> 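First the structure, then my questions, so here it is.
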Amino acid sequence: IIRRIKLTKNYGASRFEPQIGDNRRYMDIYLSDPLIRTLIDLPCLYAVKDGYDIVTDNEEERERVTKLFDEINVELTIYSWLRNARIFGTGYLEWTDDNLVIRSSQNMYVQRDENGQIMYYYQDIGQESENIRFEDDEIIELKNNPFDDYAYGLSDIHTVQYLVDLK
């Protein structure tokens, strides 16, 4: 069961904690600088190059998960998820009960309660009728270089963007 909720006008990205840095700039740097791109991509490629092992005593369960992973091309999905986390600070995967879907890190926002616990995620598509609210158990979040109690991770590009400016 997918519990996506179309959001009404009283929801907007401005209600949520702001992301750290400038995601559009990070994407531009990643796409235009071959050294930065290589330094981002190589560790992500190494993380998925040897495949995966499913550890369970239940052979039927192992076969079911292996079949699912083969169908959804889990290596490419994990590579993209890791890459997004390194570029933007946080990577997001949506679990749809039969698939893992990469969600854009550039327009995903987090709503937390007063204790810092995630209540839900909000993806700002740009048109209010298309914006999506995800429950906390529908999104798998990967924070890169988490900092204090921020809702988002820190981009690897954030720390070197001044060097790009010197070029």
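All of these numbers come straight from a predicted model, not from anything done at the bench. Atom set for the values below is all heavy atoms of this structure, side chains included, hydrogens, waters and symmetry mates excluded. In what follows, residues are counted from 1 in the order of the sequence shown.
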> Quick one: ring pair (Phe, Tyr, Trp, His ring centres under 6.0 Å) partners of Tyr150, sequence neighbours excluded?
Phe147

> Just jot down the side chain to side chain donor-acceptor pair (under 3.5 Å) partners of Gln106, sequence neighbours excluded, or say none.
Arg24

> Going by salt bridge (Lys or Arg N to Asp or Glu O under 4.0 Å), name the residues that satisfy it together with Glu61, two or more places apart in sequence or in a different chain.
Arg64

> Does the Gln123 side chain pair with the main chain of Phe134, one donor and one acceptor, at a distance under 3.5 Å?
no

> Among all residues two or more places apart in sequence or in another chain, which pass the side chain to side chain donor-acceptor pair (under 3.5 Å) test with Asp156?
Arg86, Asn144, Asn145

> Under the ring pair (Phe, Tyr, Trp, His ring centres under 6.0 Å) rule, collect the residues that match up with Tyr79, sequence neighbours excluded.
none

> Which pair of heavy atoms, one from Gly153 and one from Ile20, lies closest together, and at what distance?
O-CD1, 3.9 Å

> Got a sec, which pairs hit salt bridge (charged side-chain N to carboxylate O under 4.0 Å, His left out) with one end in residues 107-122, sequence neighbours left out?
Glu17-Arg112

> Within the side chain of Asn107, is there an N or O that forms a donor-acceptor pair under 3.5 Å with the backbone of Asp124?
yes

> Within a reach of under 6.0 Å around CG of Asn115, are more than 12 heavy atoms found that belong to other residues, nucleotides or ligands?
yes

> Using the ring of Tyr120 (Phe, Tyr or Trp, six-membered ring only), decide whether Arg133 places NZ or CZ under 6.0 Å from its centre and within 45 degrees of its axis.
yes

> Applying salt bridge (Lys or Arg N to Asp or Glu O under 4.0 Å), can you list everything that pairs with Asp136, at least two apart in sequence or on another chain?
none

> Who are the side chain to side chain donor-acceptor pair (under 3.5 Å) partners of Arg62, not counting sequence neighbours?
Glu59

> Go through the structure and list residues passing ring pair (Phe, Tyr, Trp, His ring centres under 6.0 Å) with Tyr46, not counting sequence neighbours.
none

> Using 30° and 60° as the class limits, which term best fits the ring planes of Tyr152 and Tyr109: parallel, tilted or perpendicular?
perpendicular

> Looking at residues at least two apart in the chain, or sitting in another chain, which of them share a side chain to side chain donor-acceptor pair (under 3.5 Å) with Lys67?
Glu71

> My understanding is that only one of Ile78, Leu68, Asn73, Ile140 makes a side-chain contact (heavy atoms from CB on, under 4.5 Å) with Leu100; could you say which?
Ile140

> Residues two or more places apart in sequence or in another chain: which of them pass side chain to side chain contact (heavy atoms under 4.5 Å, CB included) with Asp70?
Tyr52, Thr66

> With sequence neighbours left out, what residues match Leu39 under side chain to side chain contact (heavy atoms under 4.5 Å, CB included)?
Leu35

> In Å, rounded to the nearest 0.5 Å, how long is the span from CG of Asp97 to CD of Glu138?
8.5 Å

